[in-house]
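Just below is one structure, and these are the notes that go with it.
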Amino acid sequence: MAPALSSNSQAAIIASAFFVPVLTYIYFTRNQQKSSAGPLPESTEITALYIHPIKSCHGISVQSAKLLPTGLDLDRQWMWVTYPNHEFLTIRNFAKMTLIRPSYDAQTDTLTVTAPAPDSIDEKLEFSIPAHPTEAWLNEHTTKNDAKIWNQFTPTRVYSTSLTAPFNAFFGKEVRLVYKAAQYDDPRPLRSNGAPEILGRDASTCFPDLMPLLVGSESSIAELNTRLKAADNLTIDVRRFRPNILVKGDPSAPWDEDRWKTLRVSPKGPHGGKPLVFDITQRCARCRVPNVDPETAEEHKRQPWDTLMKYRRIDEGITYKPCYGMLCVPREGGKIKVGDKFEVTEVTSEHRYIAGF
Ligand SMILES: *[C@@H]1O[C@H](CO)[C@@H](O)[C@H](O)[C@H]1NC(C)=O
């Protein structure tokens, strides 16, 4: 005959019989809530990298780029502003800005900026500047002045008009070119979903609208293009959305990026270096800029805006705008290449756009 259990043991057995199922239930429901954004997607790869040295001007496709904590090196470190107010100028006010083409010569580390000369069919406006100027060069050729981007003022260097004056005719008004380098001047702190109390750290950028980087997916553009083809016999290039990092994505799961939260990029192959980690802050809510063809600066009256408005108003924080692409902040600097492995390491059902300005 088994010895009688002490009253303590009896209490323990009764307690376990009651608590174990309850705790198990709580554990599983919590895990389900955590995974309500669904399983992680298969890894994919980076298919293109774009830098846009001057805000709103033509972009450059590159095979590799240096990643800084503020974004890709040379991406949106320059910006045209009004004079004398130093307020930012974008495609939103002046679609022809996309005809201004910066090009980069790595051998001489020079940025050359060209634009079609007004009232001429073959002449070009042009000037060249150091792509990574020293502080001594800046002190000699620029003056310090804050520039206004949205409602935020940030310290910049203003280039001498001896370089940029011919561009006044292109804009049809007096303008200035400004530069920002995190190593010389105060940073432009992130706001919106990138503010320190939300992101969990201090981060900054140069002249993008909101965040250091925009990630886009080919599978989503392909899905959008099937709709544009049906609606208006039209297909568009992803460059209209001005992404920095383009990934292949899963062709059977377009728009999966809507729930991506944390990303890891690592070189392919057995000798891959240290992976880079990115925090997605929010979806990118779009204006009508993608209606402008960056090659011609022609603006389509309807597309893709009308189509996007029909099915991509998916963010509760900004229901009056459609979304394409995900905005993100790198955790560190490094080197990033076309062909790199691209993994989503965390997904979320909690993305909600916070207007920053
Ligand atoms: C669609 O556009 C292409 C060229 O852009 C043209 O050749 C074709 O005829 C158009 N189709 C229709 C149905 O309008």
Side-chain angles (χ1 to χ4, degrees), residues 44-63 75-76 89-103 113-125 170-172 209 214-258 283-314 320-326 338-339:
T44 182
E45 62 172 352
I46 295 179
T47 53
L49 292 168
Y50 301 104
I51 55 176
H52 313 86
I54 311 178
K55 184 177 183 67
S56 274
C57 297
H58 212 270
I60 305 173
S61 167
V62 293
Q63 287 303 301
D75 185 64
R76 289 172 265 221
L89 286 162
T90 74
I91 308 177
R92 285 179 286 264
N93 339 100
F94 190 56
K96 271 173 69 186
M97 281 180 77
T98 182
L99 300 178
I100 301 177
R101 284 181 181 261
S103 60
V113 181
T114 64
D119 310 319
S120 161
I121 49 167
D122 55 356
E123 276 174 68
K124 272 187 175 166
L125 309 174
F170 179 86
F171 281 89
D209 278 348
L214 177 66
V215 176
S217 151
E218 280 187 2
S219 74
S220 305
I221 273 291
E223 194 278 344
L224 171 62
N225 273 331
T226 62
R227 291 174 188 252
L228 294 176
K229 189 91 189 151
D232 259 307
N233 190 25
L234 180 78
T235 57
I236 60 167
D237 190 289
V238 71
R239 275 173 279 194
R240 289 184 185 222
F241 291 94
R242 306 176 70 77
N244 298 111
I245 300 173
L246 186 67
V247 302
K248 192 173 171 106
D250 179 350
S252 65
W255 309 106
D256 189 51
E257 62 272 21
D258 287 341
R283 304 181 181 112
C284 188
R286 312 308 304 221
C287 55
R288 286 169 181 269
V289 163
N291 283 24
V292 177
D293 180 343
E295 300 305 315
T296 61
E298 274 165 29
E299 189 167 358
H300 196 284
K301 284 193 188 67
R302 297 178 302 279
Q303 303 294 7
W305 173 263
D306 284 6
T307 298
L308 288 169
M309 282 297 276
K310 282 193 184 127
Y311 80 118
R312 289 295 303 161
R313 291 160 65 181
I314 46 113
Y320 54 91
K321 279 189 176 178
C323 297
Y324 173 84
M326 302 303 281
V338 170

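Atoms within a ligand are numbered from 1 in the order they appear, just like the ligands themselves.
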Closer than 4.0 Å: a protein non-hydrogen atom to atom 11 (N) of ligand 1: yes
Could you tell me whether D306 and K301 make a salt bridge, using a distance below 4.0 angstrom between a side-chain N and a carboxylate O? no
Say whether N233, considering both its backbone and side-chain N or O atoms, lies within less than 3.5 Å of an N or O atom on ligand 1. yes
Roughly how far, to the nearest 0.5 Å, is the NZ atom of K229 from the CD atom of Q303? 13.0 Å
Closer than 4.0 Å: a protein non-hydrogen atom to atom 2 (O) of ligand 1: yes
Pair R92 + D209, salt bridge at N-O below 4.0 Å: yes
Heavy-atom protein contact below 4.0 Å for atom 14 (O) of ligand 1: yes
Once you measure the plane-to-plane angle for F170 and F94, does it fall in the parallel (<30°), tilted (30-60°) or perpendicular (>60°) bin? perpendicular
